[in-house]
Amino acid sequence: PRRLLGVEGHMYAFYDQPELILRINEDLLRFNLKILERVYDWFTPDFMTLAEDMSYNHGVMCSKIVFDSFVGPFYRRIMPEIKARGTVPFVDSDGDITQLVGWMEEVGVEGFLPLERMAGVDVAALRRDHPHLRLLGAFDKTVMEKGEAAMRAEFERLRPVAEAGGFVPGVDHQTPPQCSLENYYIFRRLLFEFAESAAGGS
């Protein structure tokens, strides 16, 4: 709907054209279910990401009533199809997803990314409040241009959550252009080093 109607048109359509939004979502659901059949004919992904971008820096871009009316019912139908095959369903949403996480858990979502620190996402609080949630991201991308010491400190900030399990640190959106290739290689090396130590390796 957002691509067809634009952001503002999409927001108004929940109220002005609800039948249209439901029809679009129904068609999209049927399409995605057919795509899943084809995917699983060939392989079984460990996890699968549904791109939503339902939040921005100040929280969710719709109310719980809108979510329950226009989003939740379709997730309740596709989540079992994904999970029945052993795939972990993630949702990708930028911004502050703190409130959205609970709504998505209710409809069967098991993981979230990229956990933007600049938007106020607290990965430790998410782990505390949602102990079974799978988490990916949360590494503050703004430190990547500052060199190895800053990146090491950021990994250490994330260590308690990583050691608790169910969390893999990663760039909390896209690697910024200010990050040099050299620093990106440092990040990659530190990530592997950190993952091994946080998992109890040498």
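Residue numbers start at 1 and run along the sequence shown.
- In terms of heavy-atom proximity, Pro45 sits nearest to Thr87 at O-OG1, 2.8 Å.
- Side-chain contact between Ile97 and Phe112 is present, with at least one heavy-atom pair separated by less than 4.5 Å.
- With no hydrogens or angles considered, no side-chain donor-acceptor pair links His132 and Glu110 at under 3.5 Å.
- Here the side chains of Val109 and Tyr75 are in contact, with some heavy-atom distance below 4.5 Å.
- At a threshold of 4.5 Å between non-hydrogen side-chain atoms, the residues Met118 and Asp140 count as touching.
- Looking at every heavy atom in both residues, Pro169 comes nearest to Leu158 through CB-CD1, 3.9 Å.
- The side-chain heavy atoms of Asn183 and Met144, taken from C-beta on, include no pair separated by under 4.5 Å.
- Of the possible polar contacts, one joining the Arg127 side chain to the Leu133 backbone as a donor-acceptor pair under 3.5 Å is found.
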Exercise. Which is it for Leu190 and Glu148 under the side chain to side chain contact (heavy atoms under 4.5 Å, CB included) test, yes or no, and what are the steps along the way?
Worked result: CA-CA 8 Å; Leu190 293 177; Glu148 182 166 343; 4.0 Å; yes
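- Salt-bridge annotation for Arg157 and Glu154: present, with a side-chain N of the basic residue lying under 4.0 Å from a carboxylate O of the acidic one.
- Around the CG atom of Leu4, the shell of radius 6.0 Å holds more than 12 heavy atoms that belong to other residues, nucleotides or ligands.
- Here the closest heavy-atom approach between residue Gly95 and residue Glu116 is recorded as N-OE1, 2.7 Å.
- A heavy-atom distance below 4.5 Å is found between the side chains of Ile78 and Asn32.
- Relative ring orientation between Tyr56 and His58 is described as perpendicular, the plane-to-plane angle rising above 60° on a 0-90° scale split at 30° and 60°.
- Across all non-hydrogen atoms, the minimal contact from Asp96 to Ala119 is CB-O, 3.4 Å.
- Heavy-atom minimum distance, Met151 versus Phe139: O-CE1, 3.8 Å.
- No side-chain N or O of Thr142 forms a donor-acceptor pair with one of Arg117 less than 3.5 Å apart.
- Using a 4.5 Å cut-off on side-chain heavy atoms (C-beta onward), Pro89 and Lys83 make contact.
- The closest side-chain heavy-atom distance from Lys64 to Glu106 is below 4.5 Å.
- Using a distance-only test at 3.5 Å, with no hydrogens or angles considered, a donor-acceptor pair links the side chain of Ser93 to the main chain of Met54.
- Contact between Phe67 and Pro73 at its shortest, heavy atoms only, is O-CD, 4.2 Å.
- Two residues are said to be in side-chain contact when any heavy atoms from C-beta on lie closer than 4.5 Å; Phe43 and Val39 meet this criterion.
- The pair Lys141-Asp172 meets the salt-bridge criterion, with a side-chain N (NZ, NE, NH1 or NH2) lying under 4.0 Å from an Asp/Glu carboxylate O.
- Classification of Arg23 and Glu19 as a salt-bridged pair fails, no side-chain N sitting under 4.0 Å from a carboxylate O.
- Ring-centre distance between Phe187 and Phe155: below the 6.0 Å cut-off.
- Ion pairing between Arg30 and Glu26 holds under the 4.0 Å rule for side-chain N and carboxylate O.
- Taking 4.0 Å as the cut-off between side-chain N and carboxylate O, Glu52 and Arg2 do not count as a salt-bridged pair.
- The closest donor-acceptor contact from the side chain of Ser197 to the backbone of Phe194 lies under 3.5 Å.
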Exercise. Are Glu156 and Arg152 close enough, and set up right, to give a salt bridge (Lys or Arg N to Asp or Glu O under 4.0 Å), and what steps lead you there?
Worked result: CA-CA 6 Å; Glu156 289 306 312; Arg152 279 191 180 277; over 6 Å; no
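- Atom CG in Leu20 sits 6.0 Å away from atom CG in Leu5 (nearest 0.5 Å).
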